[in-house]
Amino acid sequence: MRRFRVYDSMSRSVRPFVPILPPRVGLFVCGMTPYAEAHIGHGRTAVTFDVVARALRRWGYRVFYVQNVTNLDDKVLARAGEEGVDPLLLAERHFAAYRASMARLGVISVDHYPFATDYVPEILRQIATLVERRAAYAAAGSVYFDVGSFPEYGRLSGNRIDEPRPGARLEPDPAKRRPEDFALWKAASPGEPSWESPWGPGRPGWHIEDTAITLRLLGERYDLHGGGLELKFPHHEAEIALAESTTGTAPLVNYWMHAGLLTMKGEKMAKSLGNVVRLDTILDRVGPGVLRFYYLNAVYRNPLEFEDPKSLDEAGEAYDRLLLPARRISEEIARAPSDRAGRELPPDLAREAAAVVDRMDDFLAEDFNTREAIGALFGWSRRLAPIFPELSGFAIGALLDLERPYRWAADLLGLGGESPPLPSGAVGPLVEVVLAARARARARGDFAESDRLREELRAVGVTVEDGASGSRWSYTEPPAG
RNA sequence: GCCGAGGUGGCAGAAUGGUUAAUGCGACGGACUGCAGAUCCGUUUCCUGGGGGUUCGAUUCCCUCCCUCGGCUCCA
């Protein structure tokens, strides 16, 4: 197991990571409420923790990564009411779309997506315990958590609830003892899905589902908890209060990680502000590599500004440049017979390839600094640029060595790694035939014919580029439409 | 008001108590080219919100002020 350090929001410092039960690591990340399409802010958080999980696994930890799905809450009910559909089906539908978007984004590391409503028995048991311990009280068919019963409330966020709060937007609720108390169980309204309980029919409140799920799946105490920064207060604060009040065990988690928010014109992306950009919209435009590059080119904890289309254009340029050597190398490998003879790598170059991988790994191990890791990879690409013309002279093993830093980036960051689509069967040789004809046309100065052939190849997805050492071609999906 | 995170070059965005503050984008110049594209090389040595302080030395540590954003409702 590789040692690494994480910024822990609770202690506000970068700390060495020590698992409770090595090599196992319990990772919980607050997931989404599936009442609308995922936007690129969700994507940022998802990619952040995807990289965390990928890295930990690569480093020898056995990660169990759980991400909950709040499939029933006020938002889901409201949206379902508008559309006139069953709330749980609405949630199901949006969750399916979310999974599909995540798959496109290359988020492959989540082990389990538990639904809140599948944990109602656990939730009810936990509420009963809290009531028994006088940390929660029933009122008018609902049950509320008594924030005053938990002196530590506010420690994560630095908020203190005993202060006057002129800016607070909490509405006084006569059922609550104090405005900060929050519902664990909400009395059923007509037409809503509800479950029987000792306090009457109702449904779970928001905060309690996470701890009911984690107590069951990850235990009373686990390693890592992640989520968007906006959830720090009150949601994560509530989780801590609920779990620790229930079990008497503290702390609930050893490391808190919070992902910075995606902003547009300085403001966070949020539906209420009307500035959301759907994840699928972007993925339709640029593909997963560019979007992941855009996210990972910043430090996960800091705000990241998104400007459409500038951010993605720049990311696209940089991403293509970054991975150009990787594409050249894998094309070379794909086209060459596996037993091809060729030069071995100069020893210094082989050493450098290994050193680049180590450096990137080191950066990642220091609070997941993907930006610096990418910077190191840029260095490698610059290093390789001058030896492009020699590529075909290397043995396969040498090419594989040169490729190592890119494979690292594909495995841990999910950047690149898509093998270039090569046409199958006779297409390759046929392209060569056409190119030979084109070369003859160029040789006799018939540039009209040459350009015509280039255009026709492009129409079927073959891009031809002339260079000093002849023409090279690559295959991309034929232009749509 | 309280809590938290930030203010770095044209832009995006790192890093560090100490040689020319990374990297990328963009821009400019050059090479290559029939053209196009791509690529390569070079330049972009006058960038760390304001003011104090600690220090031989701070962008980095401390104080203060200003500004922005986030949280204090649901929110990745």
Side-chain angles (χ1 to χ4, degrees), chain A residues 9 12 29-33 35-36 38-49 67 70 73-75 78 154 156-171 179-180 182 206 226-237 258-263 265-273 276 293-294 297-299 301-307 310-311 313-322 324-325 328 363 369-379 381-382 385-386 388-389 442 445-448 450-451 454-455 458 463-469 472 474:
Chain A
S9 306
R12 296 187 185 127
V29 174
C30 290
M32 55 129 31
T33 301
Y35 72 99
H39 59 67
I40 55 177
H42 297 112
R44 183 185 191 195
T45 302
V47 168
T48 296
F49 292 104
Q67 193 177 113
T70 308
D73 80 335
D74 295 350
K75 296 247 173 190
L156 176 66
S157 60
N159 286 329
R160 286 184 295 276
I161 55 165
D162 51 351
E163 286 173 350
R165 317 197 322 154
R169 286 163 288 178
L170 283 174
E171 288 179 23
E180 292 84 4
F182 51 86
W206 176 37
L229 188 60
E230 63 207 333
L231 296 181
K232 202 193 244 185
F233 188 94
H235 182 57
H236 291 158
E237 212 75 76
H258 288 97
L261 300 181
L262 196 71
T263 60
K265 295 196 170 79
E267 293 181 314
K268 77 163 176 172
M269 182 166 291
K271 293 191 186 71
S272 52
L273 295 169
V276 296
F293 176 90
Y294 162 72
N297 200 28
V299 162
R301 289 197 271 133
N302 291 348
L304 177 60
E305 173 72 11
F306 180 78
E307 186 183 339
K310 186 166 171 262
S311 299
D313 289 347
E314 286 186 8
E317 290 290 336
Y319 180 73
D320 287 344
R321 183 75 59 91
L322 175 69
L324 180 71
R328 288 285 165 83
F363 282 127
N369 195 331
T370 53
R371 179 60 190 90
E372 290 292 309
I374 287 173
L377 193 59
F378 265 113
S381 289
R382 272 200 314 280
F388 275 0
R442 294 180 75 208
D446 186 354
F447 296 119
S450 158
D451 291 347
R454 184 167 64 192
E455 276 316 302
R458 174 187 293 281
T463 304
V464 180
E465 291 171 357
D466 301 322
S469 55
R472 55 185 305 281
S474 57

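Below, each value reflects all heavy atoms present in this structure, side chains not excepted, and no hydrogens, waters or symmetry copies. Chain identifiers are assigned alphabetically (A, B, ...) following the order of the sequence lines, protein sequences preceding nucleic acid strands; residue numbering begins at 1 within each chain.
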(request) Could you check whether A/E465 gets within reach of a base, just the sugar-phosphate, or nothing at all, counting any heavy atom under 4.0 Å? (result) base
(message) What contact category does A/G31 fall into here, base, sugar-phosphate, or nothing, at under 4.0 angstrom with non-hydrogen atoms?
(response) sugar-phosphate
(message) Distance check, P atoms only: B/G26 and B/A21, in whole angstrom units.
(response) 24 Å
(message) From CZ of A/R328 over to C1' of B/U39, roughly how many Å is that when rounded to an integer?
(response) 7 Å
(message) Without decimals, in angstroms, what is the distance between A/R321 CZ and B/G37 C1'?
(response) 13 Å
(request) Just jot down the ring-ring contact (aromatic ring centres under 6.0 Å, His included) partners of A/H258, sequence neighbours excluded, or say none. (result) A/H236
(request) Could you pull out the closest heavy-atom pair between A/L156 and A/R12, with the gap in Å? (result) O-NH2, 3.3 Å
(request) For B/C47 versus B/C41, give the span between their C1' atoms, rounded off to a whole number of Å. (result) 26 Å
(request) Kindly indicate whether the side chain of A/R454 and the base of B/A36 share any N or O donor-acceptor pair separated by less than 3.5 Å? (result) yes
(message) Under 4.0 Å, heavy atoms only, any strand: does A/S311 hit a base, just the sugar-phosphate, or nothing?
(response) nothing
(message) Using whole Å, what does the distance between atom P of nucleotide B/C25 and atom CZ of A/F306 come to?
(response) 19 Å
(message) Stacking between B/G34 and A/F447, yes or no? Criterion: centroid separation under 5.5 angstrom, plane angle under 30 degrees.
(response) yes
(request) Examine the base of B/G71 for any acceptor or donor lying under 3.5 Å from a partner atom in the side chain of A/N159, and report the outcome as yes or no. (result) yes
(request) Measure from the side-chain N and O atoms of A/R301 to the backbone N and O of A/G260, and report whether any donor-acceptor pair falls under 3.5 Å. (result) no
(message) Taking the nucleotide of RNA chain B with the nearest heavy atom to each, does A/L304 or A/L262 sit closer to the 5' end?
(response) A/L304
(message) I'd like to know if A/D466 reaches the base of B/C35 with its side chain, counting only an N/O donor and acceptor under 3.5 Å.
(response) yes
(message) Has A/E305 got a side-chain atom pairing as donor or acceptor with A/K265's backbone, closer than 3.5 angstrom?
(response) yes
(message) Using a strict threshold of under 4.0 Å (side-chain N to carboxylate O), is an ion pair present between A/R454 and A/D451?
(response) yes
(message) I'd like the P distance from B/U64 over to B/C69, given in whole Å.
(response) 23 Å
(message) Can you tell me if A/R382 touches the phosphate of B/G24, counting only side-chain N or O atoms and a distance under 4.0 Å to OP1 or OP2?
(response) yes
(request) Write down the distance separating the P atoms in B/U19 and B/C46, rounded off to the nearest Å. (result) 14 Å
(message) Show the nearest heavy-atom pair for residues A/A315 and A/Y294, with the distance to one decimal.
(response) CB-CB, 3.9 Å
(request) Side-chain contact test, heavy atoms from C-beta onward, threshold under 4.5 Å: evaluate it for A/H39 versus A/L262 and give yes or no. (result) no
(request) Indicate the atoms forming the closest heavy-atom contact of A/L304 with A/A298, along with that distance. (result) CD1-CB, 3.7 Å
(message) Under 4.0 Å, heavy atoms only, any strand: does A/A259 hit a base, just the sugar-phosphate, or nothing?
(response) nothing
(message) Suppose we call a contact any N or O donor and acceptor under 3.5 Å apart; does that hold for the side chain of A/S9 and the base of B/G4?
(response) no
(request) Any chance you could measure A/S157, atom OG, to A/L231, atom CG, to the nearest 0.5 Å? (result) 12.5 Å
(request) Nearest whole angstrom, please: distance from the C1' of B/C74 to the CG of A/D73. (result) 8 Å
Protein N or O to nucleotides 67-70 of chain B N or O, pairs below 3.5 Å:
residue: B/C69; atom: O3'; partner: A/G266; partner atom: O; Å: 3.2

(request) Using whole Å, report how far CG of A/L322 lies from C1' of B/U39. (result) 15 Å
(request) Indicate whether OP1 or OP2 belonging to B/A36 is found under 4.0 Å from a side-chain N or O atom of A/R458. (result) no
(message) For a quick test of reading the model: is some side-chain N or O of A/N369 closer than 4.0 Å to OP1 or OP2 of B/A15?
(response) yes
(message) What contact category does A/H39 fall into here, base, sugar-phosphate, or nothing, at under 4.0 angstrom with non-hydrogen atoms?
(response) base
(request) Take the protein atom CG of A/D451 and the nucleotide atom P of B/G37, then report the distance between them rounded to whole Å. (result) 12 Å
(message) Tell me whether A/E237 contacts the main-chain N or O of A/G154 through its side chain, where contact means a donor paired with an acceptor under 3.5 Å.
(response) yes
(request) Could you pick out which residue, A/V299 or A/A448, lies toward the 5' side of RNA chain B when each is mapped onto its nearest nucleotide? (result) A/V299
(request) Could you give me the stems involving RNA chain B, meaning stretches of three or more consecutive Watson-Crick or G-U wobble pairs whose two defining distances are both below 3.5 Å? (result) B:1-7 with B:66-72, B:10-12 with B:23-25, B:26-31 with B:39-44, B:49-53 with B:61-65
(request) Measure across A/V29 and A/F49 and return the closest heavy-atom pair with its distance rounded to 0.1 Å. (result) CG2-CG, 3.7 Å
